[in-house]
Amino acid sequence: MKHALSVTRQQNFAAWYQEVISEADLAEESGVRGCMVIRPWGYGIWERIQKLMDAEIKKAGVENCYFPLFIPLSFFEKEADHVDGFAKEMAVVTHHRLVKGPKGGLIPDPESKLEEPLVVRPTSETVIGAAMSRWVQSWRDLPLLVNQWANVVRWEMRTRMFLRTSEFLWQEGHTAHADRADAMTETMRALEMYRAFAEGPLAMPVVAGEKPEHERFPGAVATYSIEAMMQDGKALQAGTSHYLGTGFAEASGIKYQDKEGAQQFAHTTSWGVSTRLIGGVIMTHGDDDGLRCPPEIAPWQVVIVPMLRDDDGDAAVLDYCRNLRLELLAQRAFGEPLRVLLDTKAAKASNKRWSWVKKGAPVIVEVGPRDVADGKAAVLRRDRLYKDDGKLATAFTPRDEFVAAAAAMLQDIQANLYAEAKARLDSNIARDVIDLAAHFKGDDAKFAGWVEVQWARPTGDGLTKIVEQLKALKLTMRNAPINAAPVDGVCFFTGAPAVERILIGRTY
RNA sequence: CGGGGAGUGGCGCAGCCUGGUAGCGCAUCUGGUUUGGGACCAGAGGGUCGCAAGUUCGAAUCUUGUCUCCCCGACCA
């Protein structure tokens, strides 16, 4: 069967992923290492994510604000673990002016060297901590709940579009609380918000759980994540929420006077999701014809493609399409009016159709002169593109019938995408594995999914040994699912009594 | 950052070994023929071959440097 892409997922998943990004006009290279240009269709998806996520954040009483891109180097030196975690991948600003160099061109002016270098934020705990120390004086100032939508920079050694780029877009929530219990409640609230968001608007099933000790955010007391399973069986960390204890509060001086008049350090949290989510959506829902964009985050949910012939009949077709669009705009799905595009671009209808197939528009509607005469529309669902015979499953539907059914169709597509991915996740977590090496076979191309084992959660050398053992098989621990079944056995690695269940898999 | 591969019209590639200033397919444009569906025929436009030095009468081709991308590794909230 002929597909819109030249590489299938089966043939080469990595090459397929890149082809989806380029063929769906999501993003392209920028000429700067690890940085990408996010094109309108890709950015439109991000805007949908922002809009829906922002509403959830605000619903939780968290307020938006904005902190500077540049952070004084000294801020980073305050929290030791934080330094260790990020020092290796920091972009540093050392000069503020350019002058003509001896060989022509421009060089940083040696005279303009900064007294104290500035780092480009890799995350904002330190600057926000400094502000919080000013804002928090009394127990009455807590909890303090802020969030920012921003770009951050981490000088990554190896980059992949959306999944790991040197610069990326994200939201980072930062909160300060009077005590551990309150901060933990917030940490878990954010985690649940991410789970619901991934499984709702993104139709991407995830497992929420706690990261093992060695996978924690630098400086965190506890790190939680949502992990999604990609179509090649690898895990993608799609969101994180951290309980930071009082470490950052101590480093930044976030103190408050409690009801008894004593000075106390606040307990802080931070949590974020990034443009990586788009990579997750691609690898969760994409097929050999490109992206399949979940309707809730699709910039356009219905795209109308008029079949114009450059003759007198065109006016009637366009007129029919405009009216169809207006009727669709009056419909609502997911609590919002439908987003409908009439694609009047001067291109061949068939090319436009395939372009929207590759971009993953959930519903593509073609309208030709005969449809106008018959009062119909040729409807194509992106989640069910082909009939059994390999031909496009275009449904010639009476126009009124389609308009009335459009919203339900979108919700059905959303549900279908989720159900498909959910079935894949559920059926590919093995819980009876005895030999990891045999299960994963060492072959990247083989879909092996994840393995859940019970373990004793050793620390120190005991943990290091296990991590190395897994590393030899190219495996990592993902998280300990918060809703896992209770333990009833011994540690997979050590034979000691188990204390929790943990997921193991290959990862991005 | 280490090892390997690659950069030639919008996209995918050939040419490079054996230097003589570029070619193919798709896409694009024009004309014609088609018209329920990823059309056909004919013609045309578009690239100083990632960038910079060097060797040479002459460099896409040889040498060196550099940037970017891909794969493996190390690293990675």
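Everything numeric here is computed off the predicted structure, so don't read it as measured data. Naming: A, B, ... by sequence-line order, numbering from 1 per chain. Scope of the values below: all heavy atoms of this structure, side chains included, with no hydrogens, waters or symmetry mates.
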Given atom CG of A/Asp371 and atom C1' of B/G37, what is their separation to the nearest angstrom?
-> 11 Å

Nucleotide nearest A/Lys471 (side chain, heavy atoms from C-beta), chosen from B/G37, B/A74, B/G73 | B/A74

Distance between the C1' atoms of B/U56 and B/U21, in whole angstroms?
-> 14 Å

Hey, is the side chain of A/Lys474 poking within less than 4.0 Å of OP1 or OP2 on B/G73, counting only N and O atoms?
-> yes

Nearest whole angstrom, please: distance from the P of B/C76 to the CZ of A/Phe162.
-> 25 Å

With C1' as the reference atom in both, quote the distance from B/U8 to B/A59 in angstrom, rounded to an integer.
-> 14 Å

Say whether A/Glu19 and A/Ser6, considering side chains only, have a donor N or O and an acceptor N or O under 3.5 Å apart.
-> yes

If B/A74 has a Watson-Crick or G-U wobble mate with both distances under 3.5 Å, name it; if not, just say none.
-> none

Please measure how far the P atom in B/G10 lies from the corresponding atom in B/C51, and state the result in whole Å.
-> 13 Å

Pairing nucleotide - B/G65, Watson-Crick or G-U, each distance under 3.5 Å = B/C51

What integer number of Å spans the P atoms of B/G38 and B/C24?
-> 27 Å

Could you work out the separation of B/G37 and B/U48 based on their P atoms and round it to a whole Å?
-> 42 Å

With no hydrogens and no angle check, do the side chains of A/Thr223 and A/Glu210 hold a donor and an acceptor under 3.5 Å apart?
-> no

Rounded to whole angstroms, how far apart are NZ on A/Lys391 and C1' on B/G37?
-> 12 Å

Just the table, please: protein N/O against nucleotides 68-70 of chain B N/O, every pair under 3.5 Å.
{"residue": "B/C69", "atom": "OP1", "partner": "A/Gly34", "partner atom": "N", "Å": "2.8"}
{"residue": "B/C70", "atom": "O3'", "partner": "A/Gln18", "partner atom": "OE1", "Å": "3.3"}

A/Asp389 CG to B/G37 P: how many Å, rounded?
-> 12 Å

Does B/A44 pair with anything, Watson-Crick or G-U wobble, both distances under 3.5 Å, and if so, with which nucleotide?
-> B/U28

Rounded to the nearest Å, what distance is computed from the NZ atom of residue A/Lys211 to the C1' atom of nucleotide B/C76?
-> 11 Å

Qualifying side-chain hydrogen bond (donor to acceptor under 3.5 Å, both in side chains) pairs, either residue in residues 83-92 of chain A, two or more places apart | none

Without swapping roles, check the side chain of A/Glu199 against the backbone of A/Val206 for a donor-acceptor pair under 3.5 Å.
-> yes

C1' gap between B/G20 and B/G12, integer Å = 28 Å

Classify the nucleic acid contact of A/Trp170 as base, sugar-phosphate or nothing, counting any heavy atom under 4.0 Å across all strands shown.
-> base

Do the ring centers of A/Tyr43 and A/Trp41 come within less than 6.0 Å of each other?
-> no

Starting at the 5' end of RNA chain B, which residue's closest nucleotide do you reach first, A/Phe168 or A/Met307?
-> A/Met307

A/Phe67 ring center within less than 6.0 Å of A/His174 ring center | no

Identify whether any heavy atom of A/Thr123 sits under 4.0 Å from a base atom; if not, whether one sits that close to sugar-phosphate; answer base, sugar-phosphate or nothing.
-> nothing

Using atom CD1 of A/Ile364 as one end and atom P of B/G38 as the other, report the distance to the nearest whole Å.
-> 14 Å

Whole-Å distance between B/C11 C1' and A/Glu19 CD?
-> 10 Å

Does A/Ala249 offer a backbone N or O that forms a donor-acceptor pair with the side chain of A/Thr246 under 3.5 Å?
-> no

For the side chain of A/Ser350, starting at C-beta, report the closest nucleotide among B/G38, B/G37, B/G73.
-> B/G38

Distance only, no hydrogens: is a donor on one side chain within 3.5 Å (strictly under) of an acceptor on the other, for A/Glu156 and A/Ser166?
-> no

Considering only B/G73, B/A74, B/G37, which nucleotide approaches the side chain of A/Arg353 most closely?
-> B/G37

Integer angstrom distance from the C1' of B/G50 to that of B/A60 | 12 Å

Any luck finding a side-chain donor-acceptor pair between A/Trp455 and A/Glu500 under 3.5 Å?
-> yes

Please determine, for B/C13, whether a Watson-Crick or G-U wobble partner exists with both distances under 3.5 Å, and give it or none.
-> B/G23

With a 3.5 angstrom cut-off on both distances, give the Watson-Crick or G-U wobble partner of B/U33, or none if there isn't one.
-> B/A39

Anything under 3.5 Å between a protein N or O and an N or O of nucleotides 24-31 of chain B, put it in a table, one pair a line.
{"residue": "B/U28", "atom": "OP1", "partner": "A/Asn351", "partner atom": "ND2", "Å": "3.4"}

Do we see a donor-acceptor contact under 3.5 Å between the side chains of A/His3 and A/Asp288?
-> no

With A/Arg189 as the cation and A/Trp271 as the aromatic partner, state whether NZ or CZ is under 6.0 Å from the six-membered ring centre and within 45° of the axis.
-> yes

When the P atoms of B/C72 and B/G25 are considered, how many whole Å apart are they?
-> 34 Å

Shortest side-chain distance from A/Arg309, nucleotide among B/G38, B/U35, B/G37 | B/U35

Hey, does the side chain of A/Asn12 reach the backbone of A/Thr8 with a donor-acceptor pair shorter than 3.5 angstrom?
-> no

For A/Lys88 and A/Leu392, take the nucleotide of RNA chain B holding the closest heavy atom to each; which residue's nucleotide lies nearer the 5' end?
-> A/Leu392

Rounded to whole angstroms, how far apart are CD on A/Glu23 and C1' on B/G12?
-> 10 Å

Base, sugar-phosphate, or nothing: which does A/Pro218 touch, judged by heavy atoms less than 4.0 Å apart?
-> sugar-phosphate

